[in-house]
4 protein chains.
Amino acid sequence: MTDPGRSKRRRRVDGELSRERILDAASEIATERGYEGTSIALVSAKCELPASSIYWHFKNKDDLIAAVIERSFASWLNAWQVPDEGTARERVQGLAMQIAKALLESPDFIRLGLMLALERRPIEARARAMFIQARTQAAATLTQTLSELTPGLTETQMRQLVTYAIAGADGLFISNEVDDGAVDLIELFDLHANALYSTALRLLAENAGR
Amino acid sequence: MTDPGRSKRRRRVDGELSRERILDAASEIATERGYEGTSIALVSAKCELPASSIYWHFKNKDDLIAAVIERSFASWLNAWQVPDEGTARERVQGLAMQIAKALLESPDFIRLGLMLALERRPIEARARAMFIQARTQAAATLTQTLSELTPGLTETQMRQLVTYAIAGADGLFISNEVDDGAVDLIELFDLHANALYSTALRLLAENAGR
Amino acid sequence: MTDPGRSKRRRRVDGELSRERILDAASEIATERGYEGTSIALVSAKCELPASSIYWHFKNKDDLIAAVIERSFASWLNAWQVPDEGTARERVQGLAMQIAKALLESPDFIRLGLMLALERRPIEARARAMFIQARTQAAATLTQTLSELTPGLTETQMRQLVTYAIAGADGLFISNEVDDGAVDLIELFDLHANALYSTALRLLAENAGR
Amino acid sequence: MTDPGRSKRRRRVDGELSRERILDAASEIATERGYEGTSIALVSAKCELPASSIYWHFKNKDDLIAAVIERSFASWLNAWQVPDEGTARERVQGLAMQIAKALLESPDFIRLGLMLALERRPIEARARAMFIQARTQAAATLTQTLSELTPGLTETQMRQLVTYAIAGADGLFISNEVDDGAVDLIELFDLHANALYSTALRLLAENAGR
DNA sequence: TATGAATGAGACTTCATTCAT
DNA sequence: AATGAATGAAGTCTCATTCAT
């Protein structure tokens, strides 16, 4: 005889488990094929739940992809912490390293987000918004960190520096995709960290010179 | 009776005009919606030619998108020339400026190419290959220019520097897309040029130090 | 411990309240969209009860729609009484007026019923039967009233007259729907009452003439 | 060997023939099941053309149903002519008879139209508009005829009379549907014609009396 | 007295592509 | 140098209903 108590809990948990299975499947497929390439039928086949069940958990495809991005971003954000030892340059380098590694481990968020960013139609509203929000949050964290490490920059300079930092990360991630992993991301992120730090110093020098 | 010779030439001219109209339409749509979002029906509606006529001009969808990329890349490549005056740093800055402007004027090639690069399906073979080829060509030009301006770098360093240069350009282009044009691309490309030049100097110094 | 008696009664009250909420929602939607357009999901969304709860209260969709018709018909039937003063013509006119007003106040029954009548599928057995029954009852009441006011008609003539009376009412209701309320229903029902009375007189004259 | 001339014409005609086959199938099904019940799959099965072919000929379901109504209305309108012999009353009766017969022979237009009129959502815009337009045209024809046969009515009276004439026709058509053909439509339309004529006389008498 | 979760069937519509002319 | 017509496959999503709890 089955234990009714456990059976009950099992049931209630099943919903979240199904949701997770759907997200896993969608994440995997979206990584390979982008927003349009991620068909509900494909997701359904991969997670072994009928398409209609997917629609029980998510309002529509947009909603599903947004959830994928949300989850991947959360795990990505969790994966890095600002180092608190060493010289300023070393700490910038250390942070870059962590971001690089996190990107390699949770690439869905960026890959999907960049795809959505490059497309311009307003359909995938929620998914796109989710990516923008994630990006804004990352920029805020970065701004705070950099302003501690290189104090003295004007607000405009800071904004430029952060934009450039993120652009470099995006670009390097893409170069890794284009060359199919043949690029040494770790080393290039180090180059990027140094370039950023040098730039910060150059800007500070300019400020002092005026 | 109509003059067959004139009729023939007329026909050929019309044919090329149709081809061009199709490419214009496809380019516009692909820019907005990416590879998957660019349906033949949509292109047909925009260029006002029946779908079957598109198949008269292009073997299939892949072929059409490849042609779009090819055309956009050609016009992009035409838009910049290496400056031959000023200090090395100034010439790097000048080149960056031109690339930035060219990107703003012929963005299809990059946008479409990046979309294809981020997706991983093997279907769009020809379109993808076209983008890779364009990129390789740009890298070659850049390598040659940079090795003239900062001689003394090892081959590996050069490759890294070029990869980083392209990554920065990609990333800045994307940041402009994400923020919907609110970013001052010209200024950021200048920052990028300076960062690149500083990096080159740093690497040269390292070489000398060893 | 809670008082089981009170709890039970409370539960029954809640149950009936839920039932009523479902009927309200279904009624509103069915009025707008007809039988096929009234989906359980739509009703569920409007009454804010899960779809499965609707199935707790009603066997199936057919059963639900039948209940909607039943309720609306009951309230419609309650709204008119045969006038007992004035000349025969005046009393016919008075009755017509009441029917017209009742139709404007409880239109669901007629609207839904007519929709079902115009469709020919055998699926909505119960709902359709409910409408037919309502109509038969209305015809009986009308027959009795008219035979009091204009005695002397044969059974066949009476049946024709009643059919025509109902047809006119249906038709005028529809004309009001088609013209979106721009029609003066009250005045037209008066016209109808007079036409009916004149016809009755004509038929009586014919009977006398034979 | 096939005659190329004939073959060519065959091809071109095939398009219209297919269109006609689709309309026939849709008409038959819509008559039985109404707008929502007319699924593209059902139509496809009945006309033996794939669903996608239906979409080559019609933009969407709304467009298809509108075309069905349009065609049925045209054939209905063609089926009656104002009689030009006999007394005014006889000519009104003759006209009513023709309209009744036409309704029995081309019922799609009314049945479908009434269904759409009773539903209130704005989705089937084109189909609904088509029905309203048909109705307006019928009303215009009727107005002209009646004003010839019973001159002297005010504009308002005329409008009322025509509205009532159409309402009666609608209602009788419906009574025939509800009672599943058990009603003698011809006789009732005669009753209706007489009621209309009597009403016209009554209104003229009122005008004279004032 | 409910309800969260699920599901097979089917809805409308668009897809890339073909082929006879 | 085209194009009208067609088509099988696949797209997203909603349907009425069930069932364990």
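Values below: every heavy atom of this structure, side chains too, minus hydrogens, waters and symmetry copies. This structure is a prediction, so every number in the text was calculated from the model and none was measured. First the proteins, then the strands, lettered A, B, ... as listed; each starts at 1.
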Within the structure shown, what part of the strands sits under 4.0 Å from D/Thr38 by heavy-atom distance: base, sugar-phosphate, or nothing?
->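 The answer is sugar-phosphate, as D/Thr38 gets under 4.0 Å only of primed atoms, P, OP1 or OP2.
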
Output the rounded distance in Å from [atom1] ([X]) to [atom2] ([N]).
X	N	atom1	atom2	result
A/Phe58	F/dT14	CZ	C1'	18 Å
C/Leu42	F/dC13	CG	C1'	14 Å
A/Leu17	E/dA6	CG	C1'	14 Å
D/Ile29	E/dA11	CD1	P	11 Å
B/Trp56	E/dT21	CH2	C1'	15 Å
A/Ile54	E/dA5	CD1	P	16 Å
D/Ile40	E/dA11	CD1	P	10 Å
D/Glu16	F/dA5	CD	P	8 Å

Check whether any side-chain heavy atom of [X] lies under 4.5 Å from a side-chain heavy atom of [Y], and answer yes or no.
X	Y	answer
D/Glu48	D/Arg21	yes
C/Leu23	C/Phe58	yes
B/Leu42	B/Arg33	yes
C/Asn60	C/Asp63	yes

Do you know which two heavy atoms are closest between A/Glu20 and A/Arg71, and how far apart they sit?
->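 Scanning both residues, the minimum pair turns out to be OE2-NH1, 3.0 Å.
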
Reckon [X] has a side-chain N or O less than 4.0 Å from the OP1 or OP2 of [N]?
X	N	result
B/Ser18	F/dA2	yes
A/Ser39	F/dG11	yes
A/His57	E/dA6	yes

Hey, which of these two, D/Glu48 or C/Ser52, hits DNA chain F nearer its 5' end, going by closest nucleotide?
->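 Of the two residues, D/Glu48 wins.
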
Residue [X], side-chain heavy atoms: nucleotide from [options] that is nearest:
X	options	result
A/Lys61	F/dT3, E/dT17, F/dC13	F/dC13
D/Ser53	F/dT7, E/dA9, F/dG4	F/dT7
B/Pro50	F/dC15, F/dG8, F/dG4	F/dG4

Can you tell me the Watson-Crick or wobble partner of E/dG10, both distances under 3.5 angstrom?
->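 E/dG10 is paired, partner F/dC13.
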
So which nucleotide does E/dA20 pair with, by the Watson-Crick or G-U wobble rule with both distances under 3.5 Å?
->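 F/dT3 is the nucleotide pairing with E/dA20.
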
Identify, between D/Asn60 and B/Ala51, the residue whose nearest nucleotide on DNA chain E lies closer to the 5' end.
->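 Looking at DNA chain E, the more 5' nearest nucleotide goes with D/Asn60.
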
